[in-house]
Amino acid sequence: MRTRCLSFHATYRCRHRGECCRTEWDIEVEPHVVEAVQARRVIPVFSTHLAFADGGAGGAATVARTAAGECGFHNQHRCSLQAAGSEAMLPSACRHFPRVFLRDTRGTFLTLSHFCPTAASLLFTESPVSVVDAMPPLALAEPVDGLDARDALPPLVRPGLLADVEGYAAWEDAVIRTLLGTGETETALATIDHATEVVRRWTPAHGPMLKAVDRAFAPALV
């Protein structure tokens, strides 16, 4: 399935900064990771019997932490799980982070959490911004976890009236182009607000919603 992202996110590569390895989040670990450690195919930074915290009562095991609160598989340079077995050896939460996925009937959309300092540094690009196809290693092989909205209803145009998929996609595209088309954020937001209010008066009797979106945003996008 095609995955799209903002162009400045497309160059993301893990730089092993380790910020996500020094959090208080409980990281659940899949059975194949536990088995690899128990078979000594992966060696944690500290003793093997301390590698995981017992989930108890059928709960999933979680990564144990050092006395300093860091993940026991992370050293100063790299995750030992990743070094031993690449992406496939990472717990699912680590494999996905800092990626945030949305899937709907249009395809898969990918953004990044800027809690990650490497992802945050990508915000300071001076290159033109666009929506592009995300390629590996940014785009992950299946299975991919994220918000699955493929069976969800489209957003409301206004109470009592749903958007259609094509119309909503046209509105979203117009919003992005408006934001990228001006250096003044406040002006762009005001334009979006005005055009969106025009679209909110649309009814199916006026023709396709995407045509209404085109007309509402046309003055700003010429």
Side-chain angles (χ1 to χ4, degrees), residues 1-10 12 20 23-26 28 92-93 95-116 119-120 122-125 127-135 138-140 142-222:
M1 183 180 291
R2 184 182 182 189
T3 301
R4 285 173 285 175
C5 66
L6 291 171
S7 54
F8 58 82
H9 281 161
Y12 173 81
C20 56
T23 70
E24 296 180 356
W25 307 332
D26 288 332
E28 293 188 357
S92 179
R95 176 174 174 262
H96 283 75
F97 189 83
R99 301 164 183 83
V100 181
F101 288 95
L102 164 67
R103 278 183 165 166
D104 62 20
T105 54
R106 299 169 296 164
T108 301
F109 300 88
L110 169 60
T111 188
L112 299 179
S113 166
H114 298 115
F115 176 87
C116 169
L122 300 176
L123 294 171
F124 301 99
T125 178
S127 301
V129 181
S130 60
V131 178
V132 300
D133 287 334
M135 306 300 292
L138 174 61
L140 298 180
E142 296 292 346
V144 170
D145 292 331
L147 177 62
D148 190 341
R150 285 174 288 186
D151 295 327
L153 294 173
L156 289 169
V157 176
R158 61 179 180 274
L161 180 64
L162 288 169
D164 57 61
V165 173
E166 293 79 10
Y168 174 67
W171 174 84
E172 187 177 69
D173 181 63
V175 168
I176 292 172
R177 286 186 291 144
T178 301
L179 287 169
L180 299 180
T182 177
E184 297 183 8
T185 302
E186 290 186 6
T187 300
L189 291 176
T191 298
I192 292 167
D193 180 66
H194 174 74
T196 300
E197 287 303 313
V198 172
V199 173
R200 279 167 54 83
R201 296 195 291 269
W202 166 81
T203 69
H206 295 152
M209 179 182 168
L210 65 87
K211 295 295 185 181
V213 172
D214 289 344
R215 289 192 296 268
F217 280 88
L221 298 176
V222 293

Set of ring-ring contact (aromatic ring centres under 6.0 Å, His included) partners for His114, sequence neighbours left out: His9
Arg150 and Thr105: CA distance, side-chain angles, deciding distance, side-chain hydrogen bond (donor to acceptor under 3.5 Å, both in side chains) verdict: CA-CA 5 Å; Arg150 285 174 288 186; Thr105 54; over 6 Å; no
Answer whether the closest heavy-atom distance between the side chains of Tyr12 and Cys5 falls below 4.5 Å. no
Pairwise distance CG(Leu189) to CG(Leu179) - rounded to 0.5 angstrom: 6.0 Å
Taking side chain to side chain donor-acceptor pair (under 3.5 Å) as the test, write out the residues that go with Asp133, two or more places apart. Arg2
Say you draw a straight line from OG of Ser113 to CZ of Arg99; how long is it, rounded to the nearest 0.5 Å? 12.0 Å
Locate the shortest heavy-atom distance separating Leu180 from Val129; write the atom from each residue and the value. CD1-O, 2.9 Å
Residue set satisfying side chain to side chain donor-acceptor pair (under 3.5 Å) with Thr196, at least two apart, ordered chain then number -> Trp171
Under 4.0 Å between a side-chain nitrogen and a carboxylate oxygen: does that hold for Glu142 and Arg103? yes
Could you tabulate the donor-acceptor pairs under 3.5 Å formed by side-chain atoms of residues 153-163, not counting sequence neighbours?
| residue | atom | partner | partner atom | Å |
| --- | --- | --- | --- | --- |
| Arg158 | NH1 | Arg200 | O | 2.5 |
| Arg158 | NH1 | Trp202 | O | 2.7 |
| Arg158 | NH2 | Trp202 | O | 3.3 |

Considering residues at least two apart in sequence or located in another chain, which fulfil the side chain to side chain contact (heavy atoms under 4.5 Å, CB included) criterion with Val100? Thr111
Contact between Asp148 and Phe101 at the side-chain level, heavy atoms closer than 4.5 Å - yes or no? no
Has the side chain of Thr108 got a donor or acceptor atom that lies under 3.5 Å from a matching backbone atom of Thr3? no
Close side-chain approach of Val131 to Ser7, heavy-atom, < 4.5 Å: no
Could I get the full list of ring-ring contact (aromatic ring centres under 6.0 Å, His included) partners for Phe97, not counting sequence neighbours? Trp25
About how many Å separate CG of Leu110 and NE2 of His96, when rounded to the nearest 0.5 Å? 10.0 Å
Only counting residues at least two apart or in another chain, list the ones meeting side chain to side chain donor-acceptor pair (under 3.5 Å) with Arg106. Asp104, Glu172
Tell me the closest heavy-atom pair linking Ala10 and Val132, and the distance in Å. CB-CG2, 3.9 Å
Under the salt bridge (Lys or Arg N to Asp or Glu O under 4.0 Å) test, which residues partner Asp164, sequence neighbours left out? none
Nearest non-hydrogen partners of Leu140 and Val144, listed with the distance: O-CG2, 3.7 Å
Name each donor-acceptor pair under 3.5 Å that joins a side chain in residues 204-218 to protein atoms two or more places apart or in another chain, with its distance.
none

List in chain and number order the residues that pass side chain to side chain donor-acceptor pair (under 3.5 Å) with Asp26, two or more places apart in sequence or in another chain; answer none if no residue qualifies. none
Please name all residues satisfying side chain to side chain contact (heavy atoms under 4.5 Å, CB included) with Ala93, sequence neighbours left out, ordered by chain then number. Ile27
